Amino acid sequence: MAEPEIVDVVVVGLGVGGEEVAGRLAEAGLTVVGVERNLVGGECPYWGCIPSKMMIRAANALAEARRVDQLAGTADVRPDWAPVAKRIREEATDTWDDRVAVDRFTGKGGRFLRGSARLDGPGRVVVGDRVLQARYGIVVGTGTSPSIPPIHGLADTPYWTNHQAIEVEELPGSLLVLGGGAIGLELAQVFARFGVRVTVVEAADRVLAIEEPEASEIAEAALRADGVRIHTGVRAERVSHDGAAFTVHAGDESYAAQRLLVVTGRKAHLEELGLDSVGVDCSQRYLPVDDRMHAADGVWAVGDITGEGAFTHIAMYQASIVVADLLDHVRRARGGPDASGTASVVGGAMGASSAVGGTAGASGPGGGSGMVPRADYRALPRVTFTDPEVGAVGLTERQARERGINVQVGFAPLPSSARGWIHKAGNEGFVKLVADADQGVLIGATSVGPAGGEVLSGLVVAVHAAVPLSRLRHMIYAYPTFHRAIEDALRDLS
Ligand SMILES: Cc1cc2nc3c(=O)[nH]c(=O)nc-3n(C[C@H](O)[C@H](O)[C@H](O)COP(=O)(O)OP(=O)(O)OC[C@H]3O[C@@H](n4cnc5c(N)ncnc54)[C@H](O)[C@@H]3O)c2cc1C
């Protein structure tokens, strides 16, 4: 094994979170090595958010054109997948080439290494036959990969994950989607709108099972209206593939299609990362972190791997905290002032004691006693980009009741709001508010509708800043917007 190369920070995995951390630390003047085994940028730009939202944009254009009949005459709609596949290839992914992203990182002063990295004791990272020794810290941002359920026969079949679904050039005639969560529903609706016969099979008793039941109902109805067959409460027991078609067997029922897309959740792969060499229990599903993203002594984590929410906005939010905390750690290690409000760290080299878990005193939401922000997920927003969009923030009614909170609920259907009524075709949706009656603030909200994800933003501010209900009731909502349904729902809060 080669002599260790001494650098300031090693970032393992340059997905959304890792790339952001590595780039900003390099810009701050640290020697940063970023290691990526696949494509710099990670899942979001190549197989996730961006190409899937391009697909959704195209599918929604078809759906809007089909609504012309109800509003503005007639439209002859003939779907063609070719421009969508071309756009994903040429505009989103450069045919799955990350040269631009690598240059973006090295342009900030970072050093890039292509390869699979693993930790090998405090401060040490091994990539092939190279050994890196980090003076100040290691940041792990290795994300998640599809979690494939242990269904008999499935592993031996050529099933699709999100990668094949995003890369598809020619659509199949029929598609089985195993999993009725956000990704499953988004892709199911897209393919159905392009003429694929789509069947969704979901083990829970409703689709979008983590969201409000009213949201599940609307999403299911919308997909059924697009011709998607949906089977909930179905536990797949066996999968077979005869060379032409897949069959999913569940009790006496079976479901068949030309392709099978498995979207049953995501999973971190801690066991591959050598994290046991820094004292982490690798049998966990995710890598637990404290509110400054510390995972172990001298190790920070960012993004999906932390299990705090598999969203790009979570990875970016956490990245800012990692950057601030690591720079503070470097400052203190170099003998500078303590900005974090934590006990000072003596010495710079890895293996020296650090402030893991040592958050002193009050660390209120988003604040803490010093300049380093603390993670706070109370107002975590999430959007399922089906049509209608399902936006949600904070707690659902059920989660709030399970916590023993004195809950008030307000509900306003979108079609009976002025804008919903005007919108007519495609106006399904609602705003649902969950309030803590004792505190007089919103602790959760769901906004479903043509612009459900956009309407959500005001609700996120309300939950995040704990805006008193009395203030929300006495503000001015522009007429006739979809977000005026928030005012209706506030009125409905009993
Ligand atoms: C179909 C789909 C749609 C999505 N849509 C949205 C959306 O609309 N909005 C949203 O907020 N989120 C969305 N997401 C989720 C979003 O893509 C992820 O939350 C985000 O990519 C997480 O970023 P990350 O940095 O944690 O990990 P990733 O983006 O997964 O990056 C991790 C990187 O680490 C690399 N890596 C792993 N192990 C090693 C190793 N040992 N050595 C070196 N490199 C390694 C991987 O190759 C990868 O590039 C979607 C996801 C999917 C699959």
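Quick note: residue numbers are just sequence positions, from 1. Whatever order the structure lists ligands and atoms in, that order sets their numbers, starting from 1. The figures that follow rest on heavy atoms only: side chains count, while hydrogens, waters and symmetry mates do not. This one's a predicted model, so the numbers in the text were calculated from it and none came from an experiment.
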Inset, instruction - Please name the pair of heavy atoms, one in Gly48 and one in Ile166, separated by the smallest distance, quoted to 0.1 Å. - result: O-CD1, 4.4 Å
Inset, instruction - Please tell me if the side chains of Trp300 and His329 come closer than 4.5 Å, counting only heavy atoms from C-beta onward. - result: yes
Inset, instruction - Consider every N or O of Asn162 and every N or O of ligand 1, then say whether any pair is closer than 3.5 Å. - result: no
Legend entry - Min side-chain heavy-atom separation Glu167-Trp47 under 4.5 Å: yes
Inset, instruction - Enumerate the atoms of ligand 1 whose separation from the nearest heavy atom of His313 is less than 4.0 angstrom. - result: 11 (O)
Inset, instruction - Give the contacting part of Trp47 toward ligand 1: side chain, backbone, both or neither, where contact means a heavy-atom distance below 4.0 Å. - result: backbone
Inset, instruction - Say whether, by atom type as modelled, one donor and one acceptor occur between the side chain of His313 and the main chain of Pro381 under 3.5 angstrom. - result: yes
Inset, instruction - If a pair satisfies ring-ring contact (aromatic ring centres under 6.0 Å, His included) and one of its residues is in residues 193-226, list it, with sequence neighbours excluded. - result: Trp81-Phe194
Inset, instruction - Compare all side-chain heavy atoms of Phe385 with those of Asn60 and state whether any distance is below 4.5 angstrom. - result: no
Legend entry - Contact check: Val16 vs ligand 1, nitrogen or oxygen atoms, below 3.5 angstrom: yes
Legend entry - Under 3.5 Å side-chain donor-acceptor pair for Gln164 and Thr161: yes
Legend entry - Validation row, ring centre His163 to ring centre Tyr46 under 6.0 Å: no
Inset, instruction - Establish, from distance only, whether the side-chain atoms of Thr95 and Glu90 form a donor-acceptor pair under 3.5 Å. - result: no
Legend entry - Interfacing atoms of ligand 1 (cut-off 4.0 Å, heavy-atom, Glu43): 21 (O), 28 (P), 29 (O), 30 (O)
Inset, instruction - Counting heavy atoms only, name the option from Thr312, Leu14, Val11, Thr142 that's nearest to atom 37 (C) of ligand 1. - result: Thr142
Legend entry - Flag side-chain contact, heavy atom, 4.5 Å: Lys53 against Glu186: yes
Inset, instruction - Can you pull out the closest protein heavy atom to atom 9 (N) of ligand 1? Residue, atom name and distance to 0.1 Å, please. - result: Cys49 SG, 3.9 Å
Legend entry - Beyond-backbone contact of Leu459 with Ser447, side-chain heavy atoms, under 4.5 angstrom: yes
Legend entry - Within-cut-off N or O pair, Ser52 and ligand 1, under 3.5 Å: no
Inset, instruction - Check whether more than 12 heavy atoms from other residues, nucleotides or ligands sit under 6.0 Å from atom NE2 of His241, and answer yes or no. - result: yes
Legend entry - Val239 and Thr247: CA distance, side-chain angles, deciding distance, side chain to side chain contact (heavy atoms under 4.5 Å, CB included) verdict: CA-CA 6 Å; Val239 174; Thr247 307; over 6 Å; no
Inset, instruction - Would you mind running through ligand 1 and noting each atom that sits below 4.0 Å from a heavy atom of His269? - result: 37 (C), 38 (N)
Legend entry - Taking atom 44 (N) of ligand 1 as the reference point, the nearest protein heavy atom with its distance: Arg37 N, 3.2 Å
Legend entry - Any donor-acceptor N or O pair under 3.5 Å, side chains Arg124, Ser277: no
Legend entry - Val12 N/O under 3.5 Å from ligand 1 N/O: no
Inset, instruction - Please work out which of Pro51, Gly48, Pro146, Ala310 has its closest non-hydrogen atom nearest to atom 15 (C) of ligand 1. - result: Ala310
Legend entry - Atoms of ligand 1, numbered as shown, that sit under 4.0 Å from any heavy atom of Gly42: 29 (O), 31 (O), 49 (O)
Legend entry - Gly18 N/O to ligand 1 N/O under 3.5 Å: no
Legend entry - Selected option - heavy-atom contact closest to atom 30 (O) of ligand 1, from Gly143, Cys44, Gly274: Gly143
Inset, instruction - Please write down residue, atom name and distance for the protein heavy atom closest to atom 41 (N) of ligand 1. - result: Ala117 O, 3.0 Å
Legend entry - Subset of ligand 1 atoms that lie under 4.0 Å from at least one heavy atom of Asn38: 47 (O)
Legend entry - Atom indices of ligand 1, in the order listed, that fall short of 4.0 Å to a heavy atom of Leu39: 49 (O)
Inset, instruction - Please identify which atoms of ligand 1 are closer than 4.0 Å to at least one heavy atom of Gly115. - result: 42 (N), 43 (C)
Legend entry - Option whose closest heavy atom lies nearest to atom 32 (C) of ligand 1, chosen from Ala319, Gly141, Gly13: Gly141
Inset, instruction - Give the residue and atom name of whichever protein heavy atom lies nearest to atom 31 (O) of ligand 1, and the separation in Å to one decimal. - result: Gly15 CA, 3.2 Å
Inset, instruction - Run the salt-bridge test on Arg111 and Glu5 with the 4.0 Å N-O cut-off and return the result as yes or no. - result: yes
Legend entry - Region of Leu273 that comes within reach of ligand 1 [heavy atoms, distance under 4.0 Å]: side chain
Inset, instruction - Give yes or no for whether the N/O distance cutoff of 3.5 Å, strictly under, is met between Lys53 and ligand 1. - result: yes
Inset, instruction - Decide yes or no for Leu414 and Phe482: does some side-chain heavy atom of the first lie under 4.5 Å from some side-chain heavy atom of the second? - result: yes
Inset, instruction - Give the residue, atom name and distance (to 0.1 Å) of the protein heavy atom nearest atom 22 (C) of ligand 1. - result: Asp304 OD1, 3.2 Å
Legend entry - Closest protein heavy atom to atom 52 (C) of ligand 1, given as residue, atom name and distance to 0.1 Å: Ile183 CD1, 3.5 Å
Inset, instruction - Could you tell me whether Arg266 and ligand 1 have an N or O pair separated by under 3.5 Å? - result: no
Inset, instruction - Decide whether an N or O pair under 3.5 Å exists between Glu36 and ligand 1. - result: yes
Legend entry - Contacting atoms of ligand 1, where contact means under 4.0 angstrom from a heavy atom of Gly17: 25 (O)
